[in-house]
Amino acid sequence: MKRLLLLSYVIFHQFVSFAFSYTETTSAMQMCRTIEIALYDDFILPGKPLPWSFENMPFLRECAEHQWAESPHEFELLNDLVIVPSAPTIKKEQGISLNRAGSRLFAISRTWNFDHSKNGFDRSNPRDGGRFVILISENPLSVAPSWISEQEARITLNQIVGFDPAKQPRSFDDFEKNARTKVTEKEARVENTRKMGRNSTRPNLRTRNSSSTIFGNHGELWIIAAFMVLVLLILLAIRQRRRLQTGRKWSSEG
C-alpha cells in the first residue's frame with residue numbers, strides 16, 4: 001500500500017505539472033522528485049544509513065522492474081544523476097548559496113544542462129548551464145532537489161576531493177538494456193503490421209484498414225462516446241422503470 005501511495009504521488013505530480021505547464025518542471029526534475037521520495041521514505045524517515053547506489057534503493061528498484069520496464073528514457077534520466085559518496089556537508093564558501101551551505105549533498109548531475117538557464121543562454125558555454133542536486137538538510141531533517149548554476153556546482157564539487165561525477169558507474173544497466181530491447185521489438189512489430197497492411201491487395205482488407213485508421217486516430221473519443229451512450233441508456237431504462245412503477249401505483253390506488 002505504501003508503495004502504491006508513493007507511486008500515485010509521483011504520477012499525480014507529473015500529471016499536475018503537465019496539465020498546468022509549470023515552467024520550473026522538467027522531466028529531469030521529476031526524476032529528482034522520485035529519488036527524493038525514495039530516499040526520504042526508505043532511509044531518512046526510518047533513520048537507516050544512506051544508500052551508496054541507486055540500485056540499493058527499494059522504490060527505485062521497483063520502478064526499474066515494473067514502471068520503467070519499457071521506458072529506457074527513465075533510466076537515462078536516472079543516470080544523469082549520481083550519488084555522492086557519504087553525502088558530504090557543503091561548506092560555507094564564497095559562491096555557495098547560504099541556504100545550501102550546511103546541507104549534505106546526496107546526488108548531483110553528471111554534467112551541466114540548460115533545463116533552467118536564463119533566456120538567451122549559450123549552449124557552447126557551460127557557465128550558462130547548471131546541475132540538479134539533491135540535498136539533505138539537518139534542521140528540519142528533509143530532502144529537497146533543486147537546480148544550481150554551473151559555477152556554484154563546480155565550487156561545491158571542488159570541496160569533494162577525488163570525486164568526478166562524470167566518471168561514476170551507471171545504475172540498472174541490465175534493466176535499461178531490457179527496456180530498449182522491448183521498445184525495439186515493439187516498434188518492429190508495429191512496423192511489420194504496417195508493411196503487411198501496405199502490401200495487401202485485398203479490397204476488403206483495405207476497407208477494414210481505412211476504417212480502423214479512422215477509429216484509431218480518435219480511439220479515446222470513441223471510448224468516451226460509447227461510455228456516455230451506455231450511461232444514457234441505463235438512465236433512460238431506470239427512468240422508464242420508475243414511470244411504470246408509478247403508473248401501477250396510481251392505478252391500484254384508483
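Classified by interplanar angle (parallel below 30°, tilted 30° to 60°, perpendicular above 60°), the ring pair Phe114/Phe121 is parallel. Using a 30° and 60° split on the angle between ring planes, His116 and Trp147 fall in the perpendicular class, above 60°.
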Note to self: Does Asp128 form a side-chain hydrogen bond (donor to acceptor under 3.5 Å, both in side chains) with Trp112? I'd like the steps, not just the answer.
What the structure shows: CA-CA 9 Å; Asp128 281 357; Trp112 60 86; over 6 Å; no

Item checked: Full working for salt bridge (charged side-chain N to carboxylate O under 4.0 Å, His left out) between Glu191 and Arg198 -> CA-CA 10 Å; Glu191 182 60 28; Arg198 289 194 297 265; 3.3 Å; yes

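Here the side chains of Ile96 and Glu152 are in contact, with some heavy-atom distance below 4.5 Å. Side-chain contact between Val133 and Pro145 is absent, with no heavy atoms from C-beta onward closer than 4.5 Å.
By the 4.0 Å N-to-carboxylate-O rule, Arg180 lies close enough to Glu76 to be salt-bridged with it. With salt bridges taken as basic N to acidic carboxylate O contacts below 4.0 Å, one links Arg33 and Glu36.
The hydrophobic clustering, which links ILVMFWY residues whose side-chain heavy atoms are closer than 4.5 Å, places Val82 and Leu50 apart. Grouping the Ile, Leu, Val, Met, Phe, Trp and Tyr side chains by contacts below 4.5 angstrom, directly or via other members, places Ile136 apart from Leu105.
The six-membered or imidazole ring of Trp68 lies away from that of Phe175, with a centre-to-centre distance of 6.0 Å or more.
Side chains of Ser137 and Ser142: a donor-acceptor N/O pair is present below 3.5 angstrom, by distance only. Side chains of Ser109 and Asp80: no donor on one and acceptor on the other come within 3.5 Å.
With hydrogens and angles ignored, the 3.5 Å screen pairs a side-chain donor or acceptor of Ser53 with a backbone N or O of Glu55. Side chain of Arg131 to backbone of Ile148: no donor-acceptor contact under 3.5 angstrom is found.
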